[in-house]
Undergrad: 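Take a look at this one; I'll ask things after.
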Amino acid sequence: MAPRNLRRTERDRSRRVLSQNFLTDRAAVARLVRVADPDPTGLLLEVGAGRGQLTRPLAARCGRLTAYEVDPAAGRELAAACAALPNVEHRQADFLAAEPPPEPFAVVGNIPWSLTSAVVRWCLAAPRLRSATLLTQLEYARRRSGDYGRWTRLTVQTWPEIEWRLAGRVPRTAFRPVPAVDAGILRIERRSEPLLSAAALPAYRRLVGWGFEGLGGSLDATLRRHHPPARVAAALRATRIAPQTPVGYVWPEQWLVLFRLLHAR
């Protein structure tokens with residue numbers, strides 16, 4: 001048997017540093033594009049475009065596409081692919097350093113998993129973002145979408161404006177190199193009509209923040225630090241939340257009702 005070549009190439013090192021796992025399975029690519037459902041006349045940004053595996057089918061479905069790729073090695077192949085696509089602009093640049101477009105837009109990407117939180121924060125902070133369809137580690141997508149039956153602080157605090165859902169799973173064998181875990185398709189969509197008024201959002205976020213800090217030892221005890229005990233008890237009964245319920249098990253819809261009851265005039 002011939003000895004294995006243990007020398008690391010520049011591309012190997014780049015993949016390791018940038019957490020790159022290219023999506024190579026055609027069925028998985030088609031599925032991600034279907035979930036993204038690009039606007040045929042709108043602007044789409046692709047994060048971590050790699051060599052263009054997603055870029056080509058996305059370009060066929062959207063009005064204009066800006067493809068970001070920071071890795072020079074992959075970027076050269078991406079530039080060649082984009083040259084044949086008249087509605088695509090290739091940017092050899094860091095997506096996270098880019099200014100959000102001033103017009104409505106969507107984001108799609110097989111993102112570097114080590115940068116997932118940063119990409120999500122960028123998307124949430126972009127006021128004209130309509131949706132983001134991101135291929136992340138499955139565990140991350142499940143946690144953010146409540147798929148475990150538990151909810152994270154970020155999901156709950158943004159729920160009045162943003163819908164989070166797990167839109168599918170992609171096996172790790174769909175990538176090259178093969179990662180250690182499967183992926184999830186995380187869909188983040190801005191609601192056309194927020195569930196609370198803009199004036200109410202800061203108070204709602206404060207309420208959720210108090211709950212997740214757990215300073216009182218339980219949700220009931222925490223909320224009593226900020227609201228009359230009798231009102232807290234009545235609100236918890238109305239929302240069917242037991243006083244000792246762990247805060248992560250309170251559904252976003254329950255938080256909204258709880259907020260309205262505690263802040264009713």
Side-chain angles (χ1 to χ4, degrees), residues 35 107 109 111 113-126 129-170 181-198 200-227 231-264:
V35 172
V107 170
I111 61 178
W113 288 355
S114 63
L115 299 178
T116 299
S117 294
V119 171
V120 168
R121 287 195 301 270
W122 188 100
C123 291
L124 294 177
L129 177 87
R130 286 179 171 173
S131 68
T133 307
L134 306 174
L135 204 52
T136 73
Q137 284 187 336
L138 179 59
E139 181 184 3
Y140 182 93
R142 294 190 67 186
R143 284 193 296 107
R144 290 298 187 213
S145 62
D147 193 55
Y148 286 117
R150 302 189 301 273
W151 301 87
T152 68
R153 176 173 176 167
L154 178 63
T155 303
V156 175
Q157 285 191 314
T158 58
W159 193 259
E161 297 177 285
I162 303 291
E163 179 186 4
W164 302 72
R165 66 185 175 92
L166 175 64
R169 304 183 182 194
V170 176
V181 296
D182 291 342
I185 303 175
L186 179 64
R187 176 76 174 177
I188 302 171
E189 192 163 353
R190 191 176 300 279
R191 302 183 191 278
S192 57
E193 291 291 335
L195 303 179
L196 291 174
S197 68
L201 285 172
Y204 170 81
R205 294 181 186 126
R206 282 196 301 272
L207 176 73
V208 175
W210 292 334
F212 274 85
E213 287 168 3
L215 297 179
S218 68
L219 182 59
D220 176 55
T222 300
L223 295 181
R224 286 170 184 257
R225 296 164 64 97
H226 305 279
H227 295 278
R231 173 169 281 194
V232 171
L236 291 175
R237 285 196 303 271
T239 51
R240 305 293 193 271
I241 302 173
Q244 300 304 317
T245 300
V247 67
Y249 287 88
V250 179
W251 286 54
E253 292 83 358
Q254 290 177 307
W255 276 106
L256 287 167
V257 176
L258 195 61
F259 172 78
R260 293 184 179 109
L261 292 173
L262 290 175
H263 287 262

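All values derive from a computational prediction rather than experimental measurement.
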Undergrad: Between P160 and V156, which heavy-atom pair has the shortest distance, and what is it?
TA: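 Where P160 meets V156 most closely, the heavy atoms are CD-O, 3.8 Å.
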Undergrad: Quick one: does R169's side chain get under 4.5 Å of D182's, heavy atoms only?
TA: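 Of all side-chain heavy-atom pairs linking D182 with R169, none is under 4.5 Å.
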Undergrad: To the closest 0.5 Å, what do you measure between CZ (R231) and CG (L262)?
TA: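 R231 atom CZ to L262 atom CG measures 7.0 Å (nearest 0.5 Å).
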Undergrad: Testing the basics here: between G149 and Y249, what is the closest heavy-atom pair and its distance to 0.1 Å?
TA: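 Minimum heavy-atom contact is O-CD2, 3.6 Å.
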Undergrad: Give the intermediate values and the outcome of side-chain contact (heavy atoms from CB on, under 4.5 Å) for residues E213 and T222.
TA: CA-CA 8 Å; E213 287 168 3; T222 300; 5.8 Å; no
Undergrad: Indicate the atoms forming the closest heavy-atom contact of G211 with V247, along with that distance.
TA: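 Here G211 and V247 meet closest at O-CG2, 3.5 Å.
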Undergrad: Would you compute the distance between atom OG1 of T158 and atom CD1 of I188 and round it to the nearest 0.5 angstrom?
TA: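 One finds 8.0 Å between OG1 of T158 and CD1 of I188.
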Undergrad: Restricting to non-hydrogen atoms, name the atom on G209 and the atom on Q157 that form the minimum distance, rounded to 0.1 Å.
TA: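 Where G209 meets Q157 most closely, the heavy atoms are N-NE2, 3.6 Å.
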Undergrad: Decide side-chain contact (heavy atoms from CB on, under 4.5 Å) for L134 and T116; before the verdict, give the C-alpha distance in whole Å, the side-chain angles of both, and the deciding distance to 0.1 Å.
TA: CA-CA 9 Å; L134 306 174; T116 299; 6.0 Å; no
Undergrad: Quick one: are L201 and E161 in side-chain contact, heavy atoms under 4.5 Å?
TA: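 Side chain of L201 against side chain of E161, heavy atoms only: contact under 4.5 Å found.
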Undergrad: What distance do L138 atom CG and L166 atom CG have between them, rounded to the nearest 0.5 Å?
TA: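 Here the interatomic distance stands at 6.5 Å.
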Undergrad: L258 and A235: which non-hydrogen atoms are nearest, and at how many Å?
TA: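 Result for this residue pair: CD1-CB, 3.6 Å.
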Undergrad: For the pair E189 (side chain) and E163 (backbone), establish whether a donor and an acceptor sit closer than 3.5 Å, ignoring hydrogens and angles.
TA: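 Judged by distance alone, no pair lies under 3.5 Å.
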Undergrad: Would you say that V257 contacts E253 through its side chain, given a criterion of any heavy-atom pair below 4.5 Å between the two side chains?
TA: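 The answer is no, as the side chains (C-beta and beyond) never meet within the 4.5 Å cut-off.
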Undergrad: Looking at P202 and A198, what are the two nearest heavy atoms and their distance?
TA: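 Heavy atoms only, the tightest pair is CD-O, 3.5 Å.
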Undergrad: Report the distance from atom CZ of R142 to atom CZ of R150, rounding to the nearest 0.5 Å.
TA: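 Rounded to the nearest 0.5 Å, the CZ-CZ separation comes to 9.0 Å.
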Undergrad: Indicate the ring-plane relationship of F212 and W255, choosing parallel, tilted or perpendicular according to the 30° and 60° boundaries.
TA: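 F212 vs W255 ring planes: parallel.
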Undergrad: Carefully, step by step, assess L207 and L223 under the rule side-chain contact (heavy atoms from CB on, under 4.5 Å).
TA: CA-CA 8 Å; L207 176 73; L223 295 181; 3.4 Å; yes
Undergrad: Let me see the working for L186 and W164 under side-chain contact (heavy atoms from CB on, under 4.5 Å), right down to the final yes or no.
TA: CA-CA 7 Å; L186 179 64; W164 302 72; 4.3 Å; yes
Undergrad: Is the NZ or CZ atom of R191 both under 6.0 Å from the centre of the six-membered ring of W159 and within 45° of that ring's axis?
TA: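 Geometry flag: set, cation within 6.0 Å and 45°.
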Undergrad: How many angstroms lie between atom CZ of R206 and atom NE2 of H263, to the nearest 0.5 angstrom?
TA: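 Atom-to-atom, R206:CZ and H263:NE2 are 7.5 Å apart.
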Undergrad: Return yes if a side-chain donor-acceptor contact under 3.5 Å exists between T133 and R187, otherwise no.
TA: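 Result is yes, a qualifying pair exists.
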Undergrad: Counting distance only, does the side-chain N/O of T152 pair as donor-acceptor with the main-chain N or O of R144 below 3.5 Å?
TA: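 The answer is no, because no donor-acceptor pair under 3.5 Å joins these two groups.
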Undergrad: Between T245 and L219, is any pair of side-chain heavy atoms under 4.5 Å apart?
TA: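 In short, these two side chains do not touch, never coming nearer than 4.5 Å.
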Undergrad: Given side chains that start at C-beta, do those of L124 and L154 come closer than 4.5 Å, heavy atoms only?
TA: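 With C-beta onward as the side chain, the pair touches.
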Undergrad: Give the ring-plane orientation class for H226 versus W210, where under 30° counts as parallel, over 60° as perpendicular and anything between as tilted.
TA: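 Aromatic pair H226/W210 classed parallel.
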Undergrad: Hey, what do you get for CD1 (I241) to CH2 (W251), rounding to the nearest 0.5 Å?
TA: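 With rounding to 0.5 Å, CD1 (I241) is 12.5 Å from CH2 (W251).
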